[in-house]
There are 4 protein chains.
Amino acid sequence: MLVTMAVAEPDNAARRAPRVDAIRNREAIVRAAAEVLAEQGAAVDVREIARRSGVGMGTLYRHFPKKEDLVQTVLRQDFSRWAESARQAAIAAEDPWAAIADFYEQALTGYARHRAIVENLALTWSDPDLEGIQQLRLVIEELCARAQAAGLLRPGVTTDDLLLLLVSLGHAVQVTDECRPRMWRRLLHISLDGLRADRGEPLPGDDVSVH
Amino acid sequence: MLVTMAVAEPDNAARRAPRVDAIRNREAIVRAAAEVLAEQGAAVDVREIARRSGVGMGTLYRHFPKKEDLVQTVLRQDFSRWAESARQAAIAAEDPWAAIADFYEQALTGYARHRAIVENLALTWSDPDLEGIQQLRLVIEELCARAQAAGLLRPGVTTDDLLLLLVSLGHAVQVTDECRPRMWRRLLHISLDGLRADRGEPLPGDDVSVH
Amino acid sequence: MLVTMAVAEPDNAARRAPRVDAIRNREAIVRAAAEVLAEQGAAVDVREIARRSGVGMGTLYRHFPKKEDLVQTVLRQDFSRWAESARQAAIAAEDPWAAIADFYEQALTGYARHRAIVENLALTWSDPDLEGIQQLRLVIEELCARAQAAGLLRPGVTTDDLLLLLVSLGHAVQVTDECRPRMWRRLLHISLDGLRADRGEPLPGDDVSVH
Amino acid sequence: MLVTMAVAEPDNAARRAPRVDAIRNREAIVRAAAEVLAEQGAAVDVREIARRSGVGMGTLYRHFPKKEDLVQTVLRQDFSRWAESARQAAIAAEDPWAAIADFYEQALTGYARHRAIVENLALTWSDPDLEGIQQLRLVIEELCARAQAAGLLRPGVTTDDLLLLLVSLGHAVQVTDECRPRMWRRLLHISLDGLRADRGEPLPGDDVSVH
DNA sequence: GATGAATGAGGCTTCATTCAT
DNA sequence: GATGAATGAAGCCTCATTCAT
């Protein structure tokens, strides 16, 4: 009986104990990777990630058999968090228009300096295998619908317009992040004004000419 | 023996002759590099450039001791051309506002799909060792001044705003170039509307809040 | 706490209990290793063995501190079984010649598809640290002696000849196992015919020329 | 004119000159690779090959973009040489039977100690993408036909039988090469005797039983 | 000067072995 | 004792740059 217990007990313990460490390591890896990917984009050396997370190469590759796996994991996570934080900001807003403004404010403040995310948004536009972008789309879709229903958003503006605006401004954030960190807000202000319904004329179709 | 002869020749002949070739080669290199950098960005293999220009690696490196040198040369040139073509479009416009619109139209149509340029605009913002961007600034500065003098441009909008808008939309162009090549025009339309003086309120300072 | 109890137990219980498990594990490891080594040869990943045996890497390495130890253990065991099964086939035969034929038949049918064994036979020939091969030798020696005494085996044929023939045909079995699984029997037939005493001339010595 | 000459001349020279070196290197690589592959099989470290051939990794990979390419090149070459040398030995023989004997003698003496070749023969049996083996087959086919026409080869023996015998004995050669380098000749002698027509009975089909 | 072959540091990945739980 | 996560030395391959011809 004791045997059984002695055997059974460590069994349970043995299964949970290492996992704590493994989880800690996995988290450390993801955290370090997120950091590094945000700073330097997806072209980083895997060793840099291993170094920063304090694990060996083998550990990293045990958790993420290919570099791409790690990158995708981090991007998915950061995308989700990004989308969620922006959504929260939108929800908290008083009116539909403030929701849009707060959404961009939060989205651009929070994550647009994440190099790998913006890199990936560019790649993903045509091939959205990254489910994350869908979350973002859903949020924007709702924002769009609400604002349009309230007659605040300029007719003809689509979800894709707002999404592309996000991507576009995201790039502006990256460009100015280091030397003029508040500058992008001016562009945002301008763009939002251009989106308002009181602009008068609805936005033409894809063949829109600027004249 | 031939070498001896070539060396024995008068300086004139000996020096001018190869230079013709050298110049031709240099041009071929720059041309090919511009092509490749536009298509694939600055991360391309140097061999690809050598291959397309039809010269050997040695020749390429004789003219440009570092890959970076070649990249800078090409970017400077393409930046200049870009600025110039956009300026021409602006000059040809009837009124100051059309000048701005045509400037963006031309700039975004012509060069924004140049991967290396947009890549570099991002890097260059903070460290403008690339004189090219200055040309662009000058053009924009003038556009800005004219439109403001005519009371068409929203007060408070700066040259940097317009420059950053260019960079930002440039990225949008790249993102959508392959699958929705006309989509960026919608963003441009929106942004230009946001820039119009009839927007009512002037654009606040850097501490602008979106509310 | 449980640990304390387990330690406090009389030596008998404390020592015997884990050993049951240990033995079971060791057997599982050896069994799985035999399978894998047979299928894939000695170049397999140790993890594959651990996986199939259902034990952790630590357990595996507790029993076999080096991969080589496990490989040798398995090979020794499989060699012995191989030799024994072939010996049984030989014993069951009616006459000395049938004993030889059945021996090869059994040996080649049963184990020659064991990749690691055939791999190892090659290495072992010069450095027979593998005692297993000795068992095989003993069987063959006896077969040889009986057949020669009965005047059935061609004079001059040695135990080493028969052993090398086994190795040689073993390779043929592996080569053809997947696409022409019966083909090796033709070679065996030919070789056995070449070994018969009625071949006329005795087999010359090592300096034998084929003419 | 001088210019033209000066430019044209080096052009020609420049194209041939480096090629001499390149060819020398390529040959050195292939030679070293053949050596190493023969000694250690296809699992060798690419660096070992680079080291032995006296070139850098880059040079090696310039000539052979993948390790597999180099391996295939060497194997094809060595296979061809092997087949050819064996064929020559066969051609030089007085009669059809001697041709067979000399063929095996030469084939086994010359190349069977080439680890990678024998490794590959095993893999290639089912998937003969290695054209080399076809050369060998052709030679054997002819030997077979001639000997059978002369009534020297046992009826029922096929080209595949002789080919498999070669592979089988090739393995025997490898096994015994270091400690008993002449021993394989005894097996060859035995096998050839088993192949002779005067063995009386023809060789049965694939379902041959040894009884 | 031109050529393109050569170089080798550095990037990704695997796997025998060790170690904390 | 058992577990399986962690380790890091190799192994394959790429590419900016140099060098012999």
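- Looking only at distances, no side-chain donor or acceptor of C/Gln174 sits under 3.5 Å from a matching main-chain atom of C/Val118.
- The nearest whole Å value for the distance from the CG atom in C/Leu70 to the P atom in E/dT17 is 11 Å.
- Neither OP1 nor OP2 of E/dC15 sits under 4.0 Å from any side-chain N or O of C/Lys66.
- Following rounding to the nearest Å, A/Lys67 (NZ) and F/dC13 (C1') show an atom-to-atom distance of 15 Å.
- The listed nucleotides are E/dA2, F/dC12, F/dG1; the one nearest the side chain of C/Ala22 is F/dG1.
- With F/dG11, E/dT14, F/dA16 as the choices, the nucleotide that has an atom nearest any side-chain atom of A/Arg47 turns out to be F/dG11.
- Take the nearest nucleotide of DNA chain F for D/Ala43 and for C/Val55: the residue whose nucleotide is more 5' is C/Val55.
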- request: Evaluate the criterion side-chain contact (heavy atoms from CB on, under 4.5 Å) for residue pair C/Thr73 and C/Arg26; output intermediate values, then yes/no.
  value: CA-CA 11 Å; C/Thr73 300; C/Arg26 189 190 157 94; 3.9 Å; yes
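- Sequence order on DNA chain E of the closest nucleotides to A/Arg24 and C/Ala42 puts C/Ala42 first from the 5' end.
- The phosphate of E/dG1 (OP1 or OP2) has no side-chain N or O of B/Asn25 nearer than 4.0 angstrom.
- Mapping A/Gly58 and D/Tyr61 onto DNA chain F by nearest heavy atom places A/Gly58 at the nucleotide closer to the 5' end.
- Rounded to whole Å, the distance from CZ on B/Arg26 to C1' on E/dA2 is 16 Å.
- Just one of A/Ile49, A/Ile29, A/Leu37, A/Val36 meets the side-chain contact (heavy atoms from CB on, under 4.5 Å) condition when paired with A/Val74; it is A/Leu37.
- Base pairing annotation: F/dA20 forms a Watson-Crick or G-U wobble pair with E/dT3, both donor-acceptor distances under 3.5 Å.
- Side chain of A/Asp45, nearest nucleotide from E/dG1, F/dC12, E/dG11: E/dG11.
- Going from atom CD1 of D/Ile49 over to atom P of F/dC13 covers 11 Å, rounded to whole Å.
- Pairing for F/dG11 is with E/dC12, a Watson-Crick or G-U wobble pair whose two hydrogen-bonding atom distances lie under 3.5 Å.
- Computed from coordinates, the C/Glu68 CD to E/dT17 C1' distance equals 14 Å when rounded to whole Å.
- Here the closest non-hydrogen pair linking C/Ala42 and C/Glu119 is N-OE1, 3.1 Å.
- In summary, B/Glu48 and B/Arg51 engage in a salt bridge, as defined by a charged side-chain N under 4.0 Å from a carboxylate O.
- Remark on DNA chain E: of its neighbouring residues A/Met57 and C/Val44, the 5'-side contact belongs to A/Met57, judged by nearest-heavy-atom nucleotide.
- Considering only side-chain atoms of C/Thr59, the nucleotide from E/dT3, E/dT17, F/dT3 that sits closest is F/dT3.
- B/Phe64 has its CZ atom 15 Å from the C1' atom of E/dA2, to the nearest Å.
- Side-chain N/O atoms of C/His63 and C/Asn25 include no donor and acceptor closer than 3.5 Å.
- Taking atom NE2 on D/His63 and atom C1' on E/dT7, their separation rounds to 12 Å, with Å as the unit.
- Here F/dC12 presents its P atom at 14 Å from CG of D/Asp69, a figure rounded to the nearest Å.
- Taking every side-chain heavy atom of C/Val46 into account, E/dT17 is the closest of E/dT21, F/dT14, E/dT17.
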